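The block underneath contains the structure these notes are about, expressed in structure tokens.
Values below: all heavy atoms of this structure, side chains included; hydrogens, waters and symmetry mates excluded. Quick note on labels: first sequence line is chain A, next is B, and so on, each numbered from 1. As the structure is a computational prediction, the values presented were derived from the model and not from experiment.
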Amino acid sequence: MTQETTRPSPDGASTAAQASALLPAETMAELREIAARYPQARSGLLPMLHLVQSVEGRVTPAGIEACAQILGISAAEVSGVATFYTMYKRRPVGDYHVGVCTNTLCAVMGGDLILERLKGHLDVGNDETTEDGKITLEHLECNAACDYAPVVMVNWEFFDNMTPDSAVELVDDLRSGANVHSTRGPRVCTWREAERVLAGYPDGLADDGPAAGPATLAGLQIAREQGWQAPAGADGTARATGTTERGTESPVAAGERADTRRAETETKVEESPADLEHEDEPADQPVDEAGKGDSQ
Amino acid sequence: MSDVLTPVLSDNWDMPRAWTLESYESTGGYEGLKKALGQTPESVIELVKDSGLRGRGGAGFPTGMKWGFIPQDNPKPKYLVVNADESEPGTCKDIPLMMASPHTLVEGVAISSYAIRANTAFIYVRGEVLHVIRRLQRAVQEAYLAGHLGKDIHGSGYDLDVVVHAGAGAYICGEETALLDSLEGRRGQPRLRPPFPAVAGLYAAPTVINNVESIASVPCIVRNGAGWFSSMGTEKSKGMTLYSLSGHVKRPGQYEAPLGITLRQLLDLSGGMREGAELKFWTPGGSSTPILTAEHLDVPLDYEGVSGAGSMLGTKALQVFDQTTSVVRCVLRWTEFYKHESCGKCTPCREGTWWLVQVLQRLERGAGQEGDIEVLLDMCDNILGRAFCALGDGATSPITSAVQYFREEFEAGMHTPASELFPYQASTVFGAEVSA
């Protein structure tokens, strides 16, 4: 990384006054507040840039300069960070950032067609904003909701199981100012309001929306129907709710029973060979994998 | 033997307002923290070692061992960093966990931080999940107010501060050393190892970085014991875990089961493939794990089983594709992703992914050239093991495995567009809808 000690830390009042001129005083105060959350102030840079976007509608030169002055680093260093991350925008973003997942699974399931349809309907290309300033359209990489594919995000809220038609309806509602609720969250706020939450300033909407959508609960629901649960724990129960009675049924029998409630397949669950098959397998993963993929 | 599905992490997800402290405590939440604070930090580490818990973020490194690497004679502060940057294509387990029950993670953070003697912990969550961030922020706030975080937690004399930190859109930040650079306010680029983060991590201080699911698995181990946890799973892959089923299946979603369940079992439980569909290929743990086919339906989905089949368990992201799907199209899209997300630090990945896309693009449109497959494999050979971090390695996985199982589709790419061989409309979930 580049030298960080070339610029003195701007603790002096004159430097602070100079910085105050860049953005509204309350924003400057909040930027300092974010930096103070961390053992080392520079760790605050990502949330600080989110706050800049919430105030300025994008990462502006003034916002970059403000962050640089508060952190005592160069504007070039801040720019280097701002240009690395895709959520930071250098052009104004509309009230609603509409992201269509076109990573492989969502694309195959229909994301590509949704994006094409929206481009045509809104008459914009990727990463462009409609003339009325309402909607910025962008294709996204995987947003961690693959069990709800195809997925669309509005201001980083989930819109699950979309189709080209439902996506058109969604953007029409957004443009007309209708109430639009996320599938698993609150009524969508504006992009700037969302950026403020990302900067670490809660908006009080945490309790809106459900705990989970249907796909999230798919396995749990089957377990409930079958009476399956984890073994009883040291204190007599693995969970505080439900029964501590343990089923004695084998997985084979249970699997067969599971089959009886479905009309569509006759396939039997075979006993897992997990305990039988790979005792002879080497325990070690290849060095490359074990050593490098650690937390990805 | 355990039941087929064993909800533990997901067990409270169907409760009313599951994300609140009140709901979480009603099922014994934070009892694990109280129990842990009554023991020495060393004994908590021993407990997690004994449980056999292995990292749920991909590589499966033993969690307790990782904690044991923290040099306690180092005078610097110790840090816990939770990797909540879930971005691996297909992976969708940590986000619903934090949405439904953020306190499970927060309790895990408190116990884990206590074990490694950290007084500051960070939850680095990707920025693109607004409502999850709201829930995390609220959960941390509630935990402070209830005395589960902050000064002198439950009279133990132990202090812990937790910061929820939103990222800004970069897949590479899921790589643990890139995450640290990002958390220090820099571009997210991986660091050379050694030194490992346990010795010189955040601010060059001893740091443990663990995946969300790994940390969320700690409270139940403390409450129920190491033996309870290791009674589930297989010989070397202990415990229960979240399997994420997606794609051309009847009932996609989260399935929590002991390690070692098979895709066949999961498909049978969930109603199988979508109507009229046959399984063509699937990923066991995200796009960075080599694809598998129908011949691998009975492979035990544990670390050793999937490894034995030539792939990796990864994040247990089971992306399932049926016979309507073009392999070449999928591989191209994944490769475009790696190209986009390459941080640019090392040449093999930065340049290699760019060239891979060029070749795959022409194969997709049916304009491939003689020798393109060999060129692809040769490039992969020059990236794998030569890139700075696992992103480059991961980029080669879909390509080499797809050529291994579906070489004829790449050969067809020399004369026929993929969209002709596999009309893309047929792969969608709304085939009947008139669109585009």
Greatest number of heavy atom pairs closer than 4.5 Å to chain B - which of [options]:
{"options": "A/Ser182, A/Cys189, A/Gly200, A/Pro186", "value": "A/Pro186"}
{"options": "A/Pro210, A/Gly44, A/Pro47, A/Gly213", "value": "A/Pro210"}
{"options": "A/Thr86, A/Leu45, A/Asn161", "value": "A/Thr86"}
{"options": "A/Pro202, A/Gly120, A/Gly99, A/Ala212", "value": "A/Pro202"}
{"options": "A/Val108, A/Val78, A/Asn103", "value": "A/Val108"}
{"options": "A/Cys142, A/Ala215, A/Ser43", "value": "A/Ser43"}

Using side chain to side chain contact (heavy atoms under 4.5 Å, CB included) as the criterion, point out the one residue from A/Leu49, A/Val59, A/Ile73 that pairs with A/Val81.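 Of the listed residues A/Leu49, A/Val59, A/Ile73, the side chain to side chain contact (heavy atoms under 4.5 Å, CB included) partner of A/Val81 is A/Leu49.
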
For [X], which atoms come within 4.5 Å of any heavy atom of chain A: side chain, backbone, both, or neither?
{"X": "B/Glu31", "value": "neither"}
{"X": "B/Gln137", "value": "side chain"}
{"X": "B/Val163", "value": "side chain"}
{"X": "B/Ile133", "value": "side chain"}
{"X": "B/Cys220", "value": "neither"}

- Show the numbers, then the answer: is there a side chain to side chain contact (heavy atoms under 4.5 Å, CB included) between B/Glu275 and B/Lys250? CA-CA 8 Å; B/Glu275 210 56 56; B/Lys250 280 224 172 68; 3.4 Å; yes

Using a cut-off of under 4.5 Å for heavy-atom pairs, which of [options] has the most such pairs with chain A?
{"options": "B/Pro89, B/Pro77, B/Gly394", "answer": "B/Pro89"}
{"options": "B/His340, B/Glu341, B/Lys93", "answer": "B/His340"}
{"options": "B/Arg126, B/Met232, B/Gln319", "answer": "B/Arg126"}
{"options": "B/Tyr424, B/Tyr255, B/Trp19", "answer": "B/Trp19"}
{"options": "B/Trp334, B/Phe229, B/Tyr243", "answer": "B/Trp334"}
{"options": "B/Ser182, B/Ser244, B/Ser287", "answer": "B/Ser182"}

Portion of [X] that has a non-hydrogen atom of chain B nearer than 4.5 angstrom:
{"X": "A/Pro214", "result": "neither"}
{"X": "A/Ala145", "result": "backbone"}
{"X": "A/Cys106", "result": "neither"}
{"X": "A/Asn155", "result": "backbone"}
{"X": "A/Met109", "result": "both"}
{"X": "A/Phe158", "result": "side chain"}
{"X": "A/Thr102", "result": "both"}

Using a strict threshold of under 4.0 Å (side-chain N to carboxylate O), is an ion pair present between [Y] and [X]?
{"X": "A/Arg184", "Y": "A/Asp160", "value": "yes"}
{"X": "B/Arg193", "Y": "B/Glu175", "value": "yes"}
{"X": "A/Glu195", "Y": "A/Lys89", "value": "no"}

- Determine the interplanar angle of the B/Phe122 and B/Tyr79 rings, folded into 0 to 90°, and report it as parallel if under 30°, tilted if 30 to 60°, perpendicular if over 60°. tilted

Should the ring pair B/His248 and B/Phe321 be called parallel, tilted or perpendicular, given that the plane angle runs from 0 to 90° and is split at 30 and 60? perpendicular

Tell me if a side-chain donor or acceptor on [X] pairs with a main-chain N or O of [Y] at a distance below 3.5 Å.
{"X": "B/Glu88", "Y": "B/Ser288", "value": "yes"}
{"X": "B/Arg135", "Y": "B/Met99", "value": "yes"}
{"X": "B/Arg251", "Y": "B/Gly271", "value": "no"}
{"X": "A/Tyr38", "Y": "B/Glu184", "value": "no"}
{"X": "B/Glu256", "Y": "A/Leu220", "value": "no"}

message: A/Arg224 vs B/Asp14, test: salt bridge (charged side-chain N to carboxylate O under 4.0 Å, His left out). Steps then yes/no.
response: CA-CA 10 Å; A/Arg224 295 277 190 261; B/Asp14 58 354; 3.0 Å; yes

**Study point:** Any donor-acceptor N or O pair under 3.5 Å, side chains A/Asn143, A/Trp156
**Key:**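 A/Trp156 and A/Asn143 do not have a side-chain donor-acceptor pair below 3.5 Å.
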
